[in-house]
Amino acid sequence: MKKWTLGFLLLCGFAGLSGCAVPWHGQQNKQTGSLVEYLYPKQTTPVAVEPAAMTHLKLPLRVGIAFVPPGNMGYGELPESERLKMLSRVKEAFSHHPFIGGIEVIPSSYLKPRGGFENLEQVSRMFNVDVVALLSYDQMQFSDRNQLSFLYWTIIGAYVIHGNEYDTHTMLDAVVFDVPSRKLLFRAPGTSTVKGAASWATFSERSRGARIDGFNKALDVLIPQLQTELSAFKERVKSDTSVRVQHRPGYTGGGDMGWLGVVLVLLLIGVGMGHVRKLD
Amino acid sequence: MSANSIKTLQPLRAGVLLIALCLIGSVLPDRFVHVLQYDRAAILSGEAWRLWSGHFVHLSTEHMAANALALGLLAAMIAAYGHAKKLVHYTLLGAPVISLGLVYLAPNMAVYRGASGLVTLYFVLVCCLVWQNSSPYLRGPMVMLTLAAILKLVLDTEKTEAGMGLITTLPTGVQIAWQAHLLGAMLGLAVFVLSKITPLWQIACTYWRAKAGWISRTVIAAWRGYREGDSY
């Protein structure tokens with residue numbers, strides 16, 4: 001009888017200890033901030049194509065930057081402090097342009113989920129900006145256990161063996177809108193993939209860090225792309241008849257002869273030099 | 001060194017000196033450039049040096065290169081006509097007059113950089129000097145050049161801030177300060193006409209030499225007083 005009892009207890013103990021090593025199906029963690037969902041919340045049919053409205057860009061531009069409000073309020077949402085840090089990085093990268101008068105970082109709490117252009121217009125008035133750069137995002141994190149997770153039953157293994165893996169795919173998309181005309185001026189994407197592994201005990205912290213890391217790496221890709229798109233937009237504006245550039249009080253002026261002026265000066269020197277030689 | 005070689009070197013020195021001033025302005029760190037640029041609010045609060053220094057700082061290397069080249073060549077030309085000393089006076093007098101003119105004519109322009117006002121002043125002076133001394137067969141090309149310069153001034157008044165290749169070397173978002181060109185041209189013409197009326201010119205030159213500092217201070221103080229009484 002004692003043998004049977006001892007055997008039963010050992011079996012229970014083994015089963016209890018190896019509980020964490022039972023087959024574990026992978027998890028998915030998704031967070032999105034969809035631009036379409038935010039700007040066109042009630043749209044069930046495609047937006048009708050309208051004749052291009054005139055866009056008046058008043059220089060120096062006052063620009064606002066914000067994250068699109070999240071579509072899901074699930075586990076692992078990017079903290080506001082991280083959002084503000086990332087927006088500050090974008091601000092720093094673009095503040096040196098002479099045609100940008102100021103960049104306002106707009107906290108997420110000012111944007112209403114599914115708020116539409118009405119909400120965007122309210123915010124632009126509140127922050128006194130004409131152009132808003134909205135950062136939409138889509139992040140998917142897959143978590144799985146690898147074969148080493150079998151060693152979790154040793155208890156120590158749960159702390160030292162990296163038996164949990166994560167795979168984080170992030171896409172950030174910056175879309176720049178002229179708020180009064182609701183016109184999309186230009187956009188640029190940034191993507192990243194972060195892979196890693198962690199022990200059972202540290203997995204939650206590591207995977208959370210990887211999600212933030214994924215956003216930062218996508219932003220590293222996005223900023224140069226946005227600079228390139230901005231340069232292309234500056235060129236495009238010259239020939240785009242639907243965009244008109246104006247100056248507001250407090251603009252920067254340049255005393256510029258241009259190369260055409262230099263050509264005129266050279267012609268004048270050419271005419272004058274012959275005469276100076278004659279005088280000598 | 002012979003008198004002849006000194007005469008030959010003078011235009012070179014004048015041109016190189018002005019180009020060097022522009023080059024120095026372009027290699028200075030941003031915080032110094034901000035102290036030197038024409039800043040309307042700062043000028044009205046008494047930072048008078050900006051009336052002069054704003055003409056020798058620029059917005060980009062290309063902007064500086066075009067202006068410095070034109071300024072250097074025209075200065076050398078004026079010196080070659082034997083007006084090397086007067087060139088100093090033209091610059092010292094012309095720079096603040098153009099800046100003060102901008103304060104009045106372009107109240108919405110907060111910041112200005114560039115030597116084109118001075119370039120236009122020199123351009124008109126050289127045009128007048130060549131016209132005065134040239135033979136009749138050169139008058140045709142001179143008229144064409146003057147018309148081209150006027151056309152350029154008109155083009156500058158258009159919204160060419162987006163950059164039109166030959167017309168502007170300014171970075172995007174910066175507007176051409178055509179008022180500086182207009183002021184420079186008018187000043188150049190006025191200086192030349194005054195210099196033809198010899199007694200008046202001599203009186204003006206004597207007075208300027210004696211009272212240059214006082215005139216600048218008085219004009220700024222009067223302007224500040226006017227602005228404070230008017231709107232602040």
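Please read these numbers as outputs of a predicted model, since none were measured by experiment. Labels below follow one simple rule: chain letters A, B, ... track the order of the sequence lines, proteins then strands, and each chain is numbered from 1.
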* Pair B:Tyr122-A:Val265, side chain to side chain contact (heavy atoms under 4.5 Å, CB included): steps then yes or no -> CA-CA 10 Å; B:Tyr122 292 174; A:Val265 168; over 6 Å; no
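- A:Gly253 and B:Leu59 get closest at one heavy-atom pair: O-CD1, 4.1 Å.
- A distance of 6.5 Å separates CE of B:Met77 from CG of A:Leu268, quoted to the nearest 0.5 Å.
- Contact annotation for B:Ala148: both backbone and side-chain heavy atoms come within less than 4.5 Å of a heavy atom of chain A.
- For CE of A:Met126, the number of neighbouring non-hydrogen atoms (other residues, nucleotides, ligands) closer than 6.0 Å is greater than 12.
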Side chains of residues 215-225 of chain A: which donor-acceptor pairs under 3.5 Å do they make with residues two or more places apart or in other chains?
from, atom 1, to, atom 2, distance (Å)
A:Asn216, OD1, A:Arg89, NH1, 3.3
A:Asn216, ND2, A:Ile212, O, 3.3
A:Asp220, OD1, A:Arg89, NH2, 2.2

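- Contacts of B:Met142 with chain A are made by side-chain atoms alone, with heavy-atom separations under 4.5 Å and no backbone atom involved.
- At a 4.5 Å heavy-atom cutoff, the contact between B:Leu69 and chain A is made by side-chain atoms alone.
- With chain B as partner, the option from A:Val262, A:Ile100, A:Leu264 having the largest number of non-hydrogen pairs under 4.5 angstrom is A:Leu264.
- For a residue to count as touching a neighbouring chain, one of its non-hydrogen atoms must lie under 4.5 Å from one of that chain's; by this rule B:Leu74 touches chain A with backbone and side chain alike.
- Here B:Arg50 pairs with B:Gln37, B:Asp39, B:Ala42, B:Ile43, B:Glu47, B:Ser53 under the side chain to side chain contact (heavy atoms under 4.5 Å, CB included) rule; sequence neighbours left out.
- Heavy-atom contacts from other residues, nucleotides or ligands closer than 6.0 Å to OH of A:Tyr110 number 12 or fewer.
- Looking at B:His181, the atoms closer than 4.5 Å to chain A (heavy atoms on both sides) all sit in the side chain, from C-beta outward.
- Comparing B:Met64, B:His55, B:Arg113 by heavy-atom pairs within less than 4.5 Å of chain A, the highest count is held by B:Arg113.
- Taken to the nearest 0.5 Å, the CG atom of A:Asp256 stands 8.5 Å off from the CD atom of B:Glu62.
- Contacts of A:Leu266 with chain B are made by side-chain atoms alone, with heavy-atom separations under 4.5 Å and no backbone atom involved.
- Heavy-atom neighbours of A:Glu92 CD from other residues, nucleotides or ligands within 6.0 Å: at or below the threshold of 12.
- Both the backbone and the side chain of B:Ala65 come within less than 4.5 Å of a heavy atom in chain A.
- Not a single donor-acceptor pair under 3.5 Å links the side chain of B:His58 to the backbone N or O of A:Gly254.
- Chosen from B:Cys127, B:Ser116, B:Ala106, B:Gly114, the residue pairing most often with chain A at heavy-atom distances under 4.5 Å is B:Ser116.
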